[in-house]
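One structure is given here, and the rest of the page talks about it.
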Amino acid sequence: MNKRRILIVGGGTAGWLTAAYLAKALKLAERSHLEVTVLESPDISSVGVGEGTFPTIRSTLQFLGIDEARFIRETSATLKQGIRFVDWARTPTTGQHQQFFHPFEAPFYAEDLNLVPYWLLQDEARRLPFAEAMTLQVRVAEAHRAPKRAGEAPYAAPLNYAYHFDALKLAKLLAARALELGVRHVQGTVTDVALDATGAIAHLDTAQQGRFQAELYIDCTGFRAELIGKAVGTSFKSVRHQLFADRALACKVPLDGNAVMESSTIATAHEAGWLWEIGLNGARGIGCVYSSSHISDDRAADILRDYCGAGHEDLAMRSIPFTPGYREQQWVRNCVAVGLSAGFLEPLEATGLVLIEAAVGMIAEMLPHSGPIHAPARRFNELMTARFENIINFLKLHYCISQREEPFWRDNAVAATIPDRLAGLLEEWKLRPPGRFDFVLDTETFAFFNYQYILYGMGFGTDLSAGRSDFPQTVDADKLFAKIQRFADRAVADLPSHRALIQQINR
């Protein structure tokens, strides 16, 4: 049998996660006729900022056979229970900040009673914030408790969680695992990519290692998109008319040994975008995301310095320009893009790694054992396009319902900038809450309850007053709301502090 070669061009998180996942899923070690190679340029570094992700990463790491404690130790990781949003709903007045929480845990579910309508019908002035009323995770995270105890099984916990980690260290760990699984690693800088008469990649040449040929080429070259963009010529669909942010400034500052170790990403809105704060073990990753059409680079740097506080006037910042958008054709003939080469929207809600996981999972499952390598391309492109478009809807939601007064935020509320599907749903949600039939799960990253957390955290109004009589179980609902708070009290008392758990794992 002829050897079937897969060449992954580019390392970093995308390249090494793709390599390790394919090696594991395709049982590379057992198949002498299959070869997976990572071709990594020694001249190009990864973006490498502190990064957050989605709970799906736990299943991915477990599938790859990476021990959770090893992952936490080797990537300076901490646990993430969601995102705390500060000042998104309206422009803050002096000393008057508002916030809401988007937890990973789904709202409390009772088979015979949906609590959401009962929360919507409560007195707005007296009810708890939506996420706090619906799940105990908000109280746990705000008390700086961990979502699990030290003795619990790896990747398992009473509460849903993901991680914050150092992206460069994660790439290094994934590379080590990929090599253990039989992946071949070659260093070389691509100098030329040759296409055949059909437009497929015939071969590529490198300065250090000569020529490479493969049946499938996977482009993990980041924003450069060396194969899918420059060589194959697939067009890029910008969505900057919907998502305005196109720049980020990133930095790291030391974490005081006595400072609180957050188990949530903090996303703080500013006049033309937002700031992220990610707590790593020993450092804080901080960044400013902004629209260059609304403020200058210098103003963004001032915003970041002000956020970091006194003593950080000479902060070293890394500038990351990007165009929000994606390639509608991410698999063309024998070339498929994964990661930033396929598209990037913005860091909000940590969707970058989720999109890599989705893409490589489909490649592994769809890859034909014989015949044309591009057979799955049409379906792959349909699914990835749908996933990108659905994420765009979710990200835009955070901006377009804000009542902030600055030009950036008012521009985001202009109807022409809101995707049609989202605009239609927002009209429906004025009279009913988001529900499971609003979304097709195979192409979604976010479920209906994720939309509920954002909508009601930002004060969106769903008017159920005309149907109040259809919800007669108020007493039962109140008992369930009280039960959630009792569970939260117990969890705060029983779970260890986030710092204590991370320190114990590292010891």
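Starting from 1, each residue takes its place in the sequence as its number.
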Please tell me whether [X] and [Y] have a donor and an acceptor in their side chains that are separated by less than 3.5 angstrom.
| X | Y | result |
| --- | --- | --- |
| Thr234 | Gln329 | no |
| Asp246 | Ser292 | yes |
| Trp119 | Gln452 | no |
| Arg387 | Thr445 | yes |
| Ser296 | Asp298 | no |
| Glu277 | Thr268 | no |
| Glu105 | Thr135 | no |

Atom of [X], atom of [Y] and distance for their closest heavy-atom approach:
| X | Y | answer |
| --- | --- | --- |
| Arg58 | Asn160 | NH1-OD1, 2.7 Å |
| Met458 | Phe100 | CG-CE2, 3.4 Å |
| Arg410 | Arg404 | NE-O, 2.6 Å |
| Ala350 | Gly52 | CB-O, 3.4 Å |
| Leu315 | Cys251 | CD2-SG, 3.4 Å |
| Trp429 | Pro433 | CD1-C, 3.9 Å |

Does [Y] offer a backbone N or O that forms a donor-acceptor pair with the side chain of [X] under 3.5 Å?
| X | Y | value |
| --- | --- | --- |
| His164 | Ile278 | no |
| Ser341 | Asp219 | yes |
| His498 | Glu262 | yes |
| Arg126 | Asp123 | no |
| Ser402 | Trp409 | no |
| Thr417 | Asn412 | yes |
| Gln242 | Val239 | no |
| Glu152 | Arg149 | yes |
| Gln81 | Ser263 | no |
| Asp87 | Gln98 | yes |

Measure up the [X] and [Y] rings against each other and bin them: parallel (under 30°), tilted (30 to 60°), perpendicular (over 60°).
| X | Y | value |
| --- | --- | --- |
| His398 | Phe85 | tilted |
| His102 | Phe446 | tilted |
| Tyr326 | Phe388 | parallel |
| Phe460 | Tyr456 | tilted |
| Phe408 | Tyr399 | perpendicular |

Legend entry - With Tyr290, the side-chain contact (heavy atoms from CB on, under 4.5 Å) member among Leu275, Ile303, Leu249: Leu249

Legend entry - Centroid-centroid under 6.0 Å between Tyr21 and Phe63 rings: yes

Inset, instruction - Kindly determine whether Arg84 and Glu142 satisfy salt bridge (charged side-chain N to carboxylate O under 4.0 Å, His left out), including the steps that lead there. - result: CA-CA 9 Å; Arg84 174 156 36 106; Glu142 293 300 330; 3.3 Å; yes

Inset, instruction - Evaluate the ring pair (Phe, Tyr, Trp, His ring centres under 6.0 Å) criterion for residues Tyr118 and Phe481: first the C-alpha distance (whole Å), next the side-chain angles of each, then the deciding distance (0.1 Å), finally the verdict. - result: CA-CA 10 Å; Tyr118 290 92; Phe481 283 126; 7.8 Å; no

Going by heavy atoms in the side chains, are [X] and [Y] under 4.5 Å from each other?
| X | Y | result |
| --- | --- | --- |
| Met362 | Arg379 | no |
| Asp494 | Arg145 | no |
| Val289 | Arg247 | no |
| Leu455 | Phe130 | no |
| Tyr163 | Leu79 | yes |
| Glu349 | Asn450 | no |
| Leu395 | Ile392 | no |
| Val360 | Thr60 | no |

Inset, instruction - Would you check, one step at a time, whether the test side chain to side chain contact (heavy atoms under 4.5 Å, CB included) holds for Phe101 with Ser264? - result: CA-CA 9 Å; Phe101 203 88; Ser264 58; 3.7 Å; yes

Inset, instruction - Report the residues that fulfil side chain to side chain donor-acceptor pair (under 3.5 Å) with Tyr451, sequence neighbours left out, ordered by chain and then residue number. - result: none

Legend entry - Full working for side chain to side chain contact (heavy atoms under 4.5 Å, CB included) between Ser319 and Asp297: CA-CA 9 Å; Ser319 178; Asp297 295 341; 5.9 Å; no

Inset, instruction - For the pair Leu425 and Arg421, evaluate side chain to side chain contact (heavy atoms under 4.5 Å, CB included) and give the outcome as yes or no after the intermediate values. - result: CA-CA 6 Å; Leu425 287 171; Arg421 175 160 150 62; 3.6 Å; yes

Legend entry - salt bridge (charged side-chain N to carboxylate O under 4.0 Å, His left out) assessment of Arg299 paired with Glu271: CA-CA 10 Å; Arg299 175 59 186 151; Glu271 64 194 67; 2.7 Å; yes

Measure the [atom1]-[atom2] distance between [X] and [Y] for me, rounded to the nearest 0.5 Å.
| X | Y | atom1 | atom2 | value |
| --- | --- | --- | --- | --- |
| Cys400 | Leu426 | SG | CG | 5.5 Å |
| Thr462 | Arg432 | OG1 | CZ | 9.5 Å |
| Gln62 | Ile57 | CD | CD1 | 12.0 Å |
| Asp166 | Lys252 | CG | NZ | 3.5 Å |
| Lys396 | Leu348 | NZ | CG | 12.0 Å |

Inset, instruction - Step by step, work out the salt bridge (charged side-chain N to carboxylate O under 4.0 Å, His left out) result for Asp302 and Arg305. - result: CA-CA 5 Å; Asp302 288 341; Arg305 275 190 288 265; 2.9 Å; yes

Inset, instruction - Evaluate the side chain to side chain contact (heavy atoms under 4.5 Å, CB included) criterion for residues His270 and Leu304: first the C-alpha distance (whole Å), next the side-chain angles of each, then the deciding distance (0.1 Å), finally the verdict. - result: CA-CA 10 Å; His270 64 73; Leu304 181 56; over 6 Å; no

Inset, instruction - Look at atom CG of Asp470 and say whether more than 12 heavy atoms of other residues, nucleotides or ligands are closer to it than 6.0 Å. - result: yes

Legend entry - Ring-face cation contact, Phe54 with Lys80, 6.0 Å cut, 45° max: no

